Amino acid sequence: MTDTAPEPTLLADYAPFPFTVEQVALTFRLHPQHTRVLSRLSLKPTTEGQPLHLHGENLTLISLSLNGAPLPDIAPDAEGLTIPAALLPATAFTLEAEVEIAPETNTALEGLYMSGGIYCTQCEAEGFRKITFYPDRPDVMAPFRVRIESDMPVLLSNGNPAASGPGWAEWVDPWPKPAYLFALVAGDLVAHSASFTTRSGRATPLNIWVRPGDEDRCAFAMDALQRSMAWDEQVYGREYDLEVFNIVAVDDFNMGAMENKGLNIFNSKLVLASADTATDTDYERIERVIAHEYFHNWTGNRITCRDWFQLCLKEGLTVFRDQQFMSDMRSAPVKRIEDVLTLRARQFREDMGPLAHPVRPDAYVEINNFYTATIYEKGAEVIGMLKRLVGDAGYKAALDLYFDRHDGDAATIEDWLKVFEDATGRDLAQFKRWYTDAGTPRLAVEDDWQDGTYTLTFRQETPPTPGQPDKPPRVIPIALGLLAPNGDEVLPTTVLEMTEGQQSFRFEGLSARPVPSILRGFSAPVVLDRTAPPGERAFLLAHDTDPVNRWEAGRGLAKEVLARMVTEGAEPAADLLAGLEAVVRDECLDPAFRALCLRMPAEDDMAQTLHASGVVPDPDAIHAARKRLQLALAQRLAPVLPGMIASLANNGPFDPGAAAAGQRALRLACLGLLTRLDGGEAATRAHAQAGNMTDSLGALSCLLDAGRGAAELTAFHQRWQGNRLVIDKWFMVQVLHAAPDRLAEVATTLTRHPDFDWKNPNRFRSVMGALAENHAGFHHPSGAGYRLLADWLIKLDAVNPQTTARMSTAFETWTRYDTDRQAQAQGALQSIAARPGLSRDTGEMVGRILK
Ligand code: 0A1
Ligand code: ZN
């Protein structure tokens with residue numbers, strides 16, 4: 001553990017910066033070891049008699065001057081430098097500093113670093129202070145002028161190109177921005193270029209910059225960008241605001257991508273795609289993240305956050321916008337189901353464990369640890385609820401007001417809620433609890449039928465979370481439909497507003513007891529506790545008009561059946577198998593939807609569900625039960641599987657669109673089931689015939705599940721040697737599909753492979769992230785999975801704290817399991833915590849997980 005526990009930063013301590021930055025001028029003389037950064041800041045005091053504190057970390061100060069006069073006595077400390085008030089003029093002044101940094105040895109990938117010979121930056125959240133001395137906080141917004149001097153052929157920064165010559169280029173960003181949106185790239189890059197004409201007629205060049213050789217894998221990302229730009233104009237009335245938009249793809253990146261003003265920087269896996277190298281999941285992610293980063297131009301950049309506690313202001317809203325975009329581009333119900341799956345797998349898991357925190361936290365030690373599913377995904381759900389409560393017109397009016405009122409501001413959640421209150425006249429005081437209170441509410445339902453009146457009674461309760469023992473009731477929008485026993489809808493979707501701890505809703509004049517379809521479209525991020533009467537879920541799986549709830553009914557049934565298989569050794573239930581068969585055979589249904597219905601609940605999801613119902617989950621039993629259920633389903637569908645696999649084949653050119661991807665998903669789901677029956681014969685043929693990466697990797701996964709695939713793996717590696725993104729898949733697929741007993745051995749062997757470049761976050765995640773995702777293997781009773789991950793996290797922490805800290809969340813569920821497993825996990829966590837020199841990032845995470 002770090003020697004002294006670092007002090008947390010508190011929301012309650014916010015105070016404005018006592019200066020404005022009128023202009024920033026930066027000059028970079030790039031060198032791998034000795035980059036010089038010259039800064040000239042034009043500052044103006046806003047409050048009298050305040051010292052000037054500038055952040056700065058690991059900077060070698062070469063010179064510092066104020067209005068041209070050197071300040072030889074000012075020496076930085078570990079956090080930055082302070083110029084006493086007595087030395088500062090009462091009016092505007094200029095501060096100039098020159099520092100030296102070494103991008104080549106910056107393995108943390110924050111600030112200015114090098115990736116594959118390319119200089120690039122990552123400044124969110126607090127990376128700019130590793131570049132120069134500056135008030136590195138989001139509420140300090142300033143226009144930037146940047147000069148880059150380097151012999152690299154391509155020199156890029158934010159904003160518009162101003163001038164260039166051999167070995168230099170200048171960029172001017174006219175839009176005041178916080179330092180976290182600063183970016184610089186210099187490298188031997190080539191562009192895939194296109195353009196977009198904005199609605200007011202400005203033709204804007206668009207460039208995606210990649211390493212030479214990669215330019216033929218940018219077309220899909222470019223198309224996604226153009227569609228995003230058009231969509232934001234049509235749906236939100238937001239137009240692009242610079243003369244050029246640049247995207248750069250780099251191989252070494254801690255996260256997915258970054259919305260730097262006019263110069264988005266991406267992890268290359270979220271840009272590069274071709275049919276033979278990228279799966280449908282990759283294509284979908286690329287489309288979503290390209291849109292997400294572009295949408296940040298208004299929600300994040302033009303309107304930014306006052307402080308990092310307000311992170312969900314930009315992230316929740318931008319995720320909500322990217323979800324809307326994707327649902328317009330693809331199938332809305334399928335998209336919603338995928339979002340619900342992600343929310344439960346990542347955010348519910350977080351909310352039920354030691355890392356639970358509010359959508360707007362009020363304290364943090366390391367802000368990088370708060371880029372979480374709660375801020376992003378739950379932040380988006382909260383906006384979805386707000387929209388449901390105020391209606392589409394209210395939402396539009398509120399957003400128009402938000403952009404009008406706050407353009408150019410660093411805003412807060414209070415500002416955000418106020419625009420909704422002002423635009424719609426609604427009081428949102430109770431709604432605000434969704435931002436301030438952590439935890440997933442549980443919603444218990446009981447119903448009653450008497451004399452033609454149907455009554456639904458809901459009770460809400462949110463379990464305690466760290467630091468928040470008591471939770472007052474929240475506003476919960478419950479979208480409800482009622483179905484007659486013949487399947488007719490007798491109440492179309494209606495939004496009930498629950499505001500009390502317990503509340504009843506009555507429906508009169510019905511001729512028969514209806515079947516309720518509750519929480520349609522997953523209208524609120526809650527756990528629905530309903531002991532459904534026998535047959536109700538199967539009925540809804542067959543009849544619900546709301547596709548999300550139709551899927552949910554099948555899912556709920558599958559979970560019920562699996563839980564009984566795990567805890568009572570029950571047999572796979574016939575009504576589930578019959579219901580799934582009916583869905584799969586129904587050709588009127590979207591293949592992507594059918595594929596989702598066929599996907600059994602993940603093992604971690606089952607462990608979460610069992611734990612929440614008071615059962616200690618046994619990972620081996622869950623693994624075995626899930627396999628038995630898949631086998632039973634395969635046997636039930638045996639007569640139709642080969643025919644479906646054949647009929648869903650497409651031998652035409654690859655189409656990355658949603659419809660074709662849905663067909664591939666259903667075909668692979670069927671192939672997975674058939675593999676349970678034929679031991680991999682069909683998968684071997686499918687792998688040999690695969691014409692794209694989705695089919696190839698899908699068939700390979702089936703083979704590995706069947707204990708085959710060794711020759712295919714060798715051939716795969718040989719074919720794709722040299723393509724880092726595909727080799728990541730080669731590593732990952734082996735770990736994900738390793739038998740639980742062999743997981744630690746398989747993963748250890750892979751870490752000894754010459755291609756295991758562990759300092760590259762994608763490669764590290766492809767083995768260690770996959771290790772944690774192999775549920776029964778990671779939670780193996782020997783503790784080998786825990787120890788392997790812990791040892792590697794210790795090793796990675798010394799070079800890349802941010803990625804290490806994120807990956808430590810693999811342990812966040814450790815208290816769910818039996819005491820032996822808990823002891824093993826605790827030992828592994830303690831070995832990390834005890835490491836001398838452990839980073840603040842990982843120290844905070846492990847400390848919270850262990851508490
Ligand atoms: N703001 C980016 C993602 C991002 C977040 C944090 C980072 O470092 C701590 C880096 C990137 C987004 O939402 O896409
Ligand atoms: Zn974002």
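Just so you know, ligand 1 is whichever comes first in the structure, and atom 1 is the first atom listed for that ligand. Given the structure is predicted, the values throughout are model-derived calculations rather than measurements.
- Across all non-hydrogen atoms, the minimal contact from Ala230 to Phe196 is N-CZ, 3.6 Å.
- Salt-bridge check for Arg227 with Asp223: passed, with a basic side-chain N closer than 4.0 Å to an acidic carboxylate O.
- Counting protein heavy atoms only, atom 8 (O) of ligand 1 is closest to Glu124 O, 2.9 Å.
- Within the listing of ligand 1, atoms 12 (C), 13 (O) sit less than 4.0 angstrom from a heavy atom of His296.
- Listed by atom number, the atoms of ligand 1 under 4.0 Å from Glu259 heavy atoms are 1 (N), 2 (C), 12 (C), 14 (O).
- The existence of a salt bridge linking Arg806 and Glu812 is excluded, since no basic side-chain nitrogen approaches an acidic carboxylate oxygen closer than 4.0 Å.
- Given atom 14 (O) of ligand 1, the protein heavy atom at minimum distance is Glu293 OE2, 2.5 Å.
- Shown in contact with Lys314 at under 4.0 Å from a heavy atom are these atoms of ligand 1, numbered in order with element: 1 (N).
- Under a 4.0 Å criterion applied to the non-hydrogen atoms of Gln122, ligand 1 contributes the atoms 7 (C), 8 (O), 10 (C), 11 (C).
- Ligand 1 has a nitrogen or oxygen under 3.5 angstrom from a nitrogen or oxygen of Tyr376.
- Ring to ring, Tyr402 and Phe420 are not that close: their centroids are 6.0 angstrom or more apart.
- Near Asn368, meaning under 4.0 Å from one of its heavy atoms, ligand 1 places the atoms 9 (C).
- Leu184 places none of its side-chain heavy atoms less than 4.5 Å from the side chain of Trp171.
- To the nearest 10 degrees, the Zn ion (ligand 2) sees NE2 of His296 and NE2 of His292 at an angle of 100°.
- Within the structure, the closest approach of Ala257 to ligand 1 falls below 4.0 Å when heavy atoms are considered.
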Run the side chain to side chain contact (heavy atoms under 4.5 Å, CB included) check on Thr412 and Tyr14 step by step: do they pass?
-> CA-CA 12 Å; Thr412 61; Tyr14 173 81; over 6 Å; no
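- Residue-to-ligand polar distances place His292 within reach of ligand 1: an N/O pair is separated by less than 3.5 Å.
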Can Tyr119 and Phe28 be said to form a side chain to side chain contact (heavy atoms under 4.5 Å, CB included), step by step?
-> CA-CA 11 Å; Tyr119 291 92; Phe28 287 81; over 6 Å; no
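- In Arg806, neither the side chain nor the backbone holds a heavy atom less than 4.0 Å from any atom of ligand 1.
- The pair Asp251-Arg763 fails the salt-bridge criterion, with no side-chain N (NZ, NE, NH1 or NH2) lying under 4.0 Å from an Asp/Glu carboxylate O.
- Taking the six-membered ring where the residue is Trp, the centroids of Phe220 and Tyr283 are separated by under 6.0 Å.
- Taking the Zn ion (ligand 2) as reference, the nearest N/O/S atom within Glu315 carries the name OE1.
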